[in-house]
Amino acid sequence: MSEKMSRREMLTETPIPQLIVKLSIPTIISMLVTALYNSADTYFVGKISTEATAAVGLVFSVMAVIQSLGFFCGHGSGNYLSRMLGAGKKKEANEMAATGFAVALILGTILAIVGNIFVHQIAGWLGATSGDTLHETENYMRIILIGAPFMMGQFVINNQLRFQGNAVYAMCGLMCGAVINVFLDPLLILVLGWGVTGAAMATVAGQITSFTVLFIGSRRGENIKIHFKNIHINSFYLLELANGGAPSLLRQGLAAISTLLLNRFAGQYGGDAAIAGMSIVSRVFLMMLSALIGFGQGYQPVVSFNYGAGILKRVREGYFFCVKWGFIFLFVIASICFIFAPDIVGWFRDDAAVIEIGTLALKCQAVVLPLSAPIVITNMMLQSMGKGVKASILASARNGLCFIPLILILPLFMGLLGVQITQTCADIITTFMSIPMAYSELKNMKE
């Protein structure tokens, strides 16, 4: 039996719980590894100063933009090629893989060049106002931007491998980079004393490592191989890329905007301590949601492949399985975060003001964390089915349609407390938006 046939049978015949667990374990690890890139810098930079911690938090918006474009190309090309493989159309799958990768490298190069030209202005827009924080922000951002093509390229190859059912190697590629990053962080930041510059260099070194390992691995076995001759940057493939990738772009892109607004209002009402505190909370919940997103990403190839093959029963069964266990997992994690909130924040930065501000925000977000299960899984199901409009609306809700108006309004009446509870309120509203979207599609599949 060929690897191609065994992979198809795996995705269309393996019992759903067993299949999703098998695919989600490496994707959960991959997402946690991605979050570790961010959290490692925050932890080690936190040993330097509150200003340095604030700087890393501010540049997180820039990293979110880079990641959003990487996921746009990766999810857009991955969704399409998986559906084409399910339908037996390998030529189209090959062309989309090469096109998505090429678009990512082009966009990453543009970001690196333009971002470094306007780095001072961007740092000001992000909310870096005081001299030390502004200087640290610029130093960190310059190097992070240089790594943009590699960061975006690794996300594309990682997602393309994952959508082909090769989640294990995709995980290994990211883990290689994470090991390099975590090893270099204490060496460059603390031992050599390079501060935020060392943190940025460690992050980019990890990204280059992951990019290299993933690219080499994508050319092995029966994986779709990226060839220059298969690049077709035309209206058809760009539209398909947008249809499958727009929800990811909106989700990650609006996360960058929401983080920018969060930092600006936190700084306005609480100074650098508030920026640092809210940045730590954002990183902590990024880790928690990364596990859920990884679980949902294990479900995505099941959706796209079986939807392309017309086996809708498996799509429904997988949805309910993921929502149920995602909710239970997040409930347990949220309980731990609520009880040990001061210790968690203090682990990143031992500053009384930072701990006080971060603790309340962490507890508020922990209360609604389990609601992220139906939000994320519904969004991933819609995106993997090619329901681009619905998926984009839902992807825009949590960090955009709901969050942005709330962050502009609540602090005006509640001050810093308004900043701390904005994400909590946004999550509640987004949950009520996700329910009818999920119901309508699940009902159609049943009929």
For the backbone of Gly173 and the side chain of Ser210, can you confirm whether one donor and one acceptor N or O come within less than 3.5 Å of each other?
yes
When rounded to the nearest 0.5 angstrom, what distance separates OG in Ser77 from CD1 in Ile157?
10.0 Å
Show, in sequence, the C-alpha distance, side-chain angles and deciding distance for Thr430 and Leu394, and conclude whether the side chain to side chain contact (heavy atoms under 4.5 Å, CB included) test is met.
CA-CA 8 Å; Thr430 305; Leu394 187 56; 4.2 Å; yes
Looking only at atom types and distance, does a side-chain atom of Ser68 sit under 3.5 Å from a main-chain N or O of Val65, one as donor and one as acceptor?
yes
Report yes if some heavy atom in the side chain of Leu410 is under 4.5 Å from a heavy atom in the side chain of Val419; otherwise report no.
no
Using modelled atom types and a 3.5 Å cut-off, is there a donor and acceptor pairing between side-chain atoms of Asn379 and backbone atoms of Ile375?
no
Are more than 12 heavy atoms, taken from residues, nucleotides or ligands other than Phe183, located less than 6.0 Å from that residue's CZ atom?
no
Would you confirm whether Thr359, through its side chain, and Glu356, through its main-chain N or O, come within 3.5 Å as a donor-acceptor pair?
no
Are any of the side-chain heavy atoms of Ile66 and Ile144 separated by less than 4.5 Å?
yes
Close side-chain approach of Met433 to Cys402, heavy-atom, < 4.5 Å
yes
So, for Lys443 and Arg316, which heavy atoms are closest and what is the spacing to 0.1 Å?
N-NH1, 4.3 Å
How are the rings of Phe101 and Phe211 set relative to one another: parallel (under 30°), tilted (30 to 60°) or perpendicular (over 60°)?
parallel
Counting N and O atoms only, with roles assigned by atom type, does the side chain of Arg264 sit under 3.5 Å from a partner on the main chain of Trp125, one being a donor and the other an acceptor?
yes
Once you round to the nearest 0.5 Å, how far does CG of Leu107 lie from CE of Met152?
4.5 Å
Apply the test side chain to side chain contact (heavy atoms under 4.5 Å, CB included) to residues Val213 and Cys172: give CA-CA distance (whole Å), side-chain angles for both, the deciding distance (0.1 Å), then the verdict.
CA-CA 8 Å; Val213 173; Cys172 292; 5.9 Å; no
With side chain to side chain contact (heavy atoms under 4.5 Å, CB included) as the criterion, how do Leu360 and Leu417 come out once you've worked through the C-alpha distance, each side chain's angles and the decisive distance to 0.1 Å?
CA-CA 9 Å; Leu360 178 58; Leu417 177 61; 3.7 Å; yes
On a heavy-atom basis, the closest approach of Thr424 and Gln365 is OG1-N, 3.5 Å
Would you say Phe155 and Leu69 make side-chain contact, with heavy atoms under 4.5 Å?
no
Would the distance check show the side chain of Tyr299 and the main-chain N or O of Val315 forming a donor-acceptor pair, the cut-off being under 3.5 Å?
yes
What's the separation between atom CD in Gln207 and atom CZ in Phe150, rounded to the nearest 0.5 Å?
9.5 Å
Do you know which two heavy atoms are closest between Leu330 and Ser372, and how far apart they sit?
CD1-CB, 3.9 Å
Can you confirm whether Tyr319 sits close enough to Val303 that some side-chain heavy atom of one is under 4.5 Å from a side-chain heavy atom of the other?
no
Under a 3.5 Å distance rule, please check whether Ser434 uses its side chain to pair with a backbone N or O of Thr378 as donor and acceptor.
no
Reported OG-to-CZ distance for the pair Ser24 and Phe321, which is rounded to 0.5 angstrom:
7.5 Å
Please examine the side chains of Leu289 and Leu369, heavy atoms only from C-beta on, and report whether any two atoms are closer than 4.5 Å.
yes
Does any N or O in the side chain of Asn306 come within less than 3.5 Å of the main-chain N or O of Val302, such that one atom is a donor and the other an acceptor?
yes
Taking all atoms of both residues into account, what is the closest heavy-atom pair of Gly296 and Ile377, and its distance?
CA-CD1, 3.7 Å
Report yes or no: does Gln420 contribute a side-chain atom to a donor-acceptor pair with the main-chain N or O of Ile357 at less than 3.5 Å?
yes
Distance check, rounded to the nearest 0.5 Å: Asn399 atom CG versus Asp427 atom CG?
8.0 Å
Provide the closest heavy-atom pair for Gly100 versus Cys73 in the form atom of the first, atom of the second, distance.
O-CB, 3.6 Å
Min side-chain heavy-atom separation Lys387-Met437 under 4.5 Å
no
Side-chain contact test, heavy atoms from C-beta onward, threshold under 4.5 Å: evaluate it for Ile407 versus Ser258 and give yes or no.
no
Would Tyr140 and Met63 count as a side chain to side chain contact (heavy atoms under 4.5 Å, CB included) if you check the C-alpha gap in whole Å, the side-chain angles of each, and the deciding distance to 0.1 Å?
CA-CA 11 Å; Tyr140 187 72; Met63 295 183 69; 4.1 Å; yes
What distance do Thr99 atom OG1 and Ile233 atom CD1 have between them, rounded to the nearest 0.5 Å?
6.5 Å
Report the relative orientation of the aromatic rings in Tyr269 and Phe265; use parallel for angles under 30°, tilted for 30 to 60°, perpendicular for over 60°.
parallel
What one should report as the nearest heavy-atom pair of Ser440 and Lys390 is OG-NZ, 3.0 Å
Would a distance-only check, ignoring hydrogens and angles, find a side-chain to backbone donor-acceptor pair under 3.5 Å from Asn234 to Tyr237?
yes
